[in-house]
Trainee: 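I have a structure I would like to understand better, so I am pasting it below and will then ask my questions one at a time.
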Amino acid sequence: MLKISEIMKDSLVDKEVETRGWIYRWRESGKIIFIVLRDSTDIIQVIISADNVPPEDFKAAKESGIESSVIIKGIVRKDSRAPNGYEILAKNFKIVGPSINFPISKDKSDEFLLDNRHLWLRSREMTATLKIRSTVFESLHEFFKNESYYEVQAPMFVSSAVEGGSTLFEVPYFGKKAYLTQSSQFYLETFIFTLENVYTIAPSFRAEKSRTRRHLTEFWHCEAEAAWLSNEDMMAFEEKMIYYVIQSVLENNRKELLFLKRDVEKLESIKLPFKRMEYADVIKLGQNVGLDIDYGTDLGADEEHEITKNFDGPTFIVHFPKEIKAFYHRPDPQNPALVLNHDLLAPEGYGEIIGGGERIYDLNELLRRIEEEHLNAEEYYWYIDLRKYGSVPHSGFGLGIDRFIWWIAGLEHIKYAVPYPRNVRRLIP
Ligand code: 4AD
Ligand code: MG
């Protein structure tokens, strides 16, 4: 039994092979049935002629519907008219699982395809995207391993906010209130006192009502935290990571990128180091391209889209005013109105994919910021404790993996980058 990709080789031409998969396309022309068969590896044309297969096999092929699962035996031939240049002249054709009236046909609406995501996953678009996703997750793990980071796991049920209360998902918890985690950052900070360099890849949840091209309510978050590292050190680490993953995708998924009509040159031309821009300069740049923003405006999806449309590579924005960033960011001792943080913006209009920076490690400074933001210090007792017992300078970041894939694959909307996207209107399938 061979996979389809293993069959399409000159050494197998005129040889008999057996393969299995699902019917992707079906057409009949006189006494011949043309099928395009797919499996996880590729597609291949299969020719079932009444002259070459037993009558019951021909009948089965004639009655087989799109997405039936089948086992085929036949002779490999080269034919430039076939989709990948090869085809199988069938000698046997057996149906394993019939499929009658597969609901997805051409020109179905986006909503229909989302309602039928469990079936649409079989499309070549989703196959390509899922393969790219797999490479991205795999190469992230690989990168952290190469850099000697430990993988850790944080809880998903939590009792306090990391990124502000307005996007917390509340969950009833045995008569108490729990939340779904917005970020594993605070837990990662607890691990650095044991392991120094840690990361986790886990879902994060945000009760995000805004309907943009880049917001999900559940997303995959790659977060890292490292003792002793500065904001600068962390940015150098991140750009190396982003570059590493992109090289892996270019190496392993060129076929998928081309299928998705990604302009691969845009990815190939990315160079290290990435550009750094001061927040204040980004605001000026935004004003110059006609955006209605002032110093102190937090950049949203639309603003970042306009700003990064003409960027030719990923760009770090540094030194945000502390008022528009979460309380844990360390104010710059040279200019305490600004924090030692960074956002990494993807080019081509995609915008923020990473948020990170240096954390406050001084106890009193943290208590002051908690008070300034009117937060309840008791809720954060364990986070505050870290500053009482052997505190160290440290930095970290969070990469939105779905956004990263959205950009790498050059997709129009983040929902196309995720197998089962969740947003304010979608909870099925
Ligand atoms: O910028 P954010 O909110 O930063 C944090 O959560 C930090 N605590 C991370 C850290 O330092 N450990 O989120 C980080 C990234 C964003 O840059 C974005 O890529 C992604 O997470 N993200 C989302 N992705 C999809 N849908 C949403 N609603 C997202 N919210 C954030
Ligand atoms: Mg952010």
Side-chain angles (χ1 to χ4, degrees), residues 136 140 149 152 154 158 160-169 179-192 197-226 229 231 234-235 237-238 241-242 245 279 282 298-301 303-304 308 314-318 320 324-330 339-346 350-360 380 383 394-408 411 413-418 420-424 426:
V136 169
L140 282 170
Y149 273 58
V152 297
V158 298
S160 50
V162 177
E163 296 297 328
S166 67
T167 61
L168 275 177
F169 266 115
Y179 306 106
L180 296 178
T181 190
Q182 294 171 308
S183 156
S184 299
Q185 178 191 326
F186 291 178
Y187 291 97
L188 292 195
E189 288 186 57
T190 67
F191 286 108
I192 64 164
N197 300 326
V198 297
Y199 79 100
T200 194
I201 293 183
S204 280
F205 305 89
R206 309 265 169 114
E208 192 63 70
K209 289 188 200 78
S210 51
R211 279 160 57 182
T212 70
R213 298 189 312 142
R214 68 175 193 179
H215 281 101
L216 297 165
T217 49
E218 174 185 302
F219 65 96
W220 280 83
H221 210 168
C222 171
E223 295 184 275
E225 203 68 30
L229 292 202
N231 189 40
M234 207 73 244
M235 284 192 283
F237 181 87
E238 288 161 36
M241 173 187 78
I242 297 293
V245 174
Y279 166 84
V282 174
D298 198 6
L299 302 171
E303 288 89 17
E304 286 182 8
T308 61
T315 304
F316 284 110
I317 305 186
V318 298
F320 283 66
I324 57 172
K325 285 289 165 187
F327 71 94
Y328 56 74
H329 288 287
R330 181 175 176 221
V339 289
L340 292 170
N341 80 317
H342 59 267
D343 275 3
L344 180 66
L345 306 195
Y350 285 93
E352 180 189 341
I353 57 168
I354 290 181
E358 229 168 292
R359 323 304 191 187
I360 295 176
Y380 294 99
Y383 191 65
H394 61 285
S395 297
F397 70 87
L399 162 73
I401 305 180
D402 313 288
R403 283 200 192 167
F404 187 25
I405 293 163
W406 171 51
W407 162 49
I408 292 179
L411 303 169
H413 194 292
I414 198 168
K415 67 187 170 194
Y416 301 128
V418 184
Y420 292 103
R422 293 286 180 255
N423 61 33
V424 66
R426 182 153 296 274

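What's counted below: heavy atoms across the whole structure, side chains too, no hydrogens, waters or symmetry copies. One-based numbering, in listed order, for ligands and for the atoms of each.
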Trainee: For N197, give me all partners under side chain to side chain donor-acceptor pair (under 3.5 Å), at least two apart in sequence or on another chain.
Mentor: none

Trainee: Within D343, is some N, O or S atom less than 2.8 Å away from the Mg ion (ligand 2)?
Mentor: no

Trainee: Aromatic rings F320 and Y279: how do their planes relate, parallel, tilted or perpendicular, breaks at 30° and 60°?
Mentor: tilted

Trainee: How long is the span from the CG atom in L411 to the CZ atom in R213, to the nearest 0.5 Å?
Mentor: 10.0 Å

Trainee: Any salt bridge linking K415 with D402? Criterion: basic side-chain nitrogen under 4.0 Å from a carboxylate oxygen.
Mentor: no

Trainee: When rounded to the nearest 0.5 angstrom, what distance separates OH in Y199 from OG in S184?
Mentor: 13.0 Å

Trainee: Is a side-chain donor-acceptor pair under 3.5 Å present for H215 with N423?
Mentor: no

Trainee: Which single N/O/S atom of E352 lies at minimum distance from the Mg ion (ligand 2)?
Mentor: OE2

Trainee: Could you please spell out the steps behind the salt bridge (charged side-chain N to carboxylate O under 4.0 Å, His left out) verdict for R422 and E218?
Mentor: CA-CA 6 Å; R422 293 286 180 255; E218 174 185 302; 5.2 Å; no

Trainee: For ligand 1, give me the residues whose heavy-atom distance to it is below 4.0 Å, by chain and number please.
Mentor: V162, E163, S183, Q185, R206, R214, H215, L216, F219, H221, E223, Y328, E352, I353, I354, G355, R359, F397, G398, G400, R403

